[in-house]
There are 2 protein chains.
Amino acid sequence: MVPRPEGPQPRPHALPQTTEDDIDAVDEQLLALLQANGRASYAELARQVGLSAPAVHERVGKLETAGVITGYTAVVDPSAVGLGVTALVGIIDSDEVDDVGMLEAMSALPQVQDCWRTAGTEGYVLKVRVTDIPALEDTINALNRVRGVSRTRTTVVLSTKWEGRHGRTE
Amino acid sequence: MVPRPEGPQPRPHALPQTTEDDIDAVDEQLLALLQANGRASYAELARQVGLSAPAVHERVGKLETAGVITGYTAVVDPSAVGLGVTALVGIIDSDEVDDVGMLEAMSALPQVQDCWRTAGTEGYVLKVRVTDIPALEDTINALNRVRGVSRTRTTVVLSTKWEGRHGRTE
DNA sequence: AATGAAATCTATGGCAA
DNA sequence: TTGCCATAGATTTCATT
């Protein structure tokens, strides 16, 4: 371990560097507002950023067509709809197999809400949400049966402290 | 391992069992529609479920006050706003320490988008999104400096296959 | 990007089943 | 209790400047 006498002062965080189509300060404001409340009206957004509603409408439209905003969604409490169990499942893939087939098999399971391709001993990590522990067992069994999956490692989530936070808490 | 000669037919998935205030079929439809498009107008929703706009308005309002719908959010492509690196960070907590303090410290880092309390060797798993690898290093350093954190284990996400899927793909 | 205007939508109170 | 109707007020979304 590299010696670390005093806590190194953290690098000043790089601000989102312009990707291509420049996102100006107003756009960033709009993104923040829409992430906080995806149903905010254009009129409301206009008030907050100090532009007219049509101007906001156009900007948001551009953010959508540019693929910056990929959609809008209602955030639903999982337990309120019977999904009481969350788990993270690491997938240890056996050998070099057809990745496409594995992805198809995993995406066929609606319980798999998130799927990340990862570096490390686990080739994928999945976030799974199911009604109860037996359903989790079913899911693990199903995943282990997928061609190319050698083993899985499941971590049960005891509680979700937060999820999908956007706020640049500064 | 319990022998299981032929692929066990998966348990028929338990449908979301009524939590308390019963969520009927129309409510489920509304939830699905709003998860797919959080900005759908009440008029549009009304068309889709075959009710009047006021009726839909009332139902959605109830779902909100009941805490089933906890909010609405725009889905933003992270890389479009400069967040090019995603990682999952497992937190191995040292001993029995003040959990509240740890949570506060972790939530003070806006890069930590998700935070799950987990069973297993890792007491927490975090999903972190940052601009680049140096920023990831900073984050790992910051997390390791948190009182109560003994060690961290970071898994870099190579690509996000999907995230926040709701669709009961049936 | 602002203005103004027409079409649409929201949201409430009252009424019916 | 739940949904529908009517309506006043907002909002969206043009065309124009």
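Each chain gets a letter, A, B and so on, in the order its sequence line appears, and its residues count up from 1.
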**Q** Nearest to the side chain of B/Ser52 - D/dT12, C/dA11, D/dC4?
**A**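 The listed nucleotide nearest to B/Ser52's side chain is D/dC4.
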**Q** Go through D/dC4, D/dT13, C/dA1 for me and flag the one nearest to the A/Ala53 side chain.
**A**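 Of the candidates, D/dT13 comes closest.
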**Q** Could you give the CG-to-C1' distance, from B/Leu30 to D/dG3, as a whole number of Å?
**A**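 My rounded result for the distance is 13 Å.
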**Q** Closest to the A/Ala43 side chain: D/dT12, D/dC4, C/dA2?
**A**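 It is D/dT12.
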**Q** What is the distance from CG of B/Asp27 to C1' of D/dT2, rounded to the nearest Å?
**A**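 These atoms are roughly 12 Å apart.
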**Q** OH of B/Tyr42 versus P of D/dG3: gap in Å, rounded?
**A**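 Those two atoms, OH and P, are 15 Å apart.
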**Q** Show, in sequence, the C-alpha distance, side-chain angles and deciding distance for A/Cys115 and B/Arg165, and conclude whether the side-chain contact (heavy atoms from CB on, under 4.5 Å) test is met.
**A** CA-CA 9 Å; A/Cys115 174; B/Arg165 226 187 22 171; over 6 Å; no
**Q** Send over the distance from B/Ile23 CD1 to D/dT2 P, rounded to a whole Å.
**A**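 My rounded result for the distance is 14 Å.
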**Q** Between A/Asp114 and B/Gly164, is there a donor-acceptor pair closer than 3.5 Å when you use the side chain of the first and the backbone of the second?
**A**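 Yes.
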**Q** Which nucleotide in the set C/dG4, C/dT10, D/dG3 lies at the smallest distance from any side-chain heavy atom of B/Ala55?
**A**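 Comparing C/dG4, C/dT10, D/dG3 against the side chain of B/Ala55, the answer is D/dG3.
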**Q** Output the single nucleotide from C/dT12, C/dT3, D/dT2 whose closest atom is nearest the side chain of B/Lys62.
**A**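 It is D/dT2.
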**Q** Check every strand shown and say whether A/Ser41 touches a base, only sugar-phosphate, or nothing at a heavy-atom separation below 4.0 Å.
**A**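 The answer is sugar-phosphate, as A/Ser41 gets under 4.0 Å only of primed atoms, P, OP1 or OP2.
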**Q** Is the shortest distance from a Lys or Arg side-chain nitrogen in B/Arg129 or B/Glu163 to a carboxylate oxygen in the other one below 4.0 Å?
**A**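 Salt bridge: yes.
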**Q** Round to the nearest Å and state the distance from A/Arg39 atom CZ to D/dT12 atom C1'.
**A**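 Those two atoms, CZ and C1', are 14 Å apart.
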**Q** Nearest to the B/Glu58 side chain among C/dA1, D/dT12, D/dG3, which nucleotide is it?
**A**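 For the B/Glu58 side chain, the nearest candidate turns out to be D/dG3.
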**Q** Are the charged groups of B/Glu64 and A/Arg39 less than 4.0 angstrom apart, N to O?
**A**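 Looking at A/Arg39 together with B/Glu64, the answer is no, because their closest N to O distance does not fall below 4.0 Å.
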**Q** Is there a side-chain polar atom (N or O) of B/His57 under 4.0 Å from OP1 or OP2 of C/dT10?
**A**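 No.
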**Q** Any side-chain N or O of A/Arg59 less than 4.0 Å from the OP1 or OP2 oxygen of C/dA2?
**A**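 The answer is no; no side-chain N or O of A/Arg59 sits under 4.0 Å from OP1 or OP2.
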**Q** Any side-chain to backbone donor/acceptor pair from B/Asp22 onto B/Asp24? Under 3.5 Å, distance only.
**A**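 No; zero donor-acceptor contacts below 3.5 Å.
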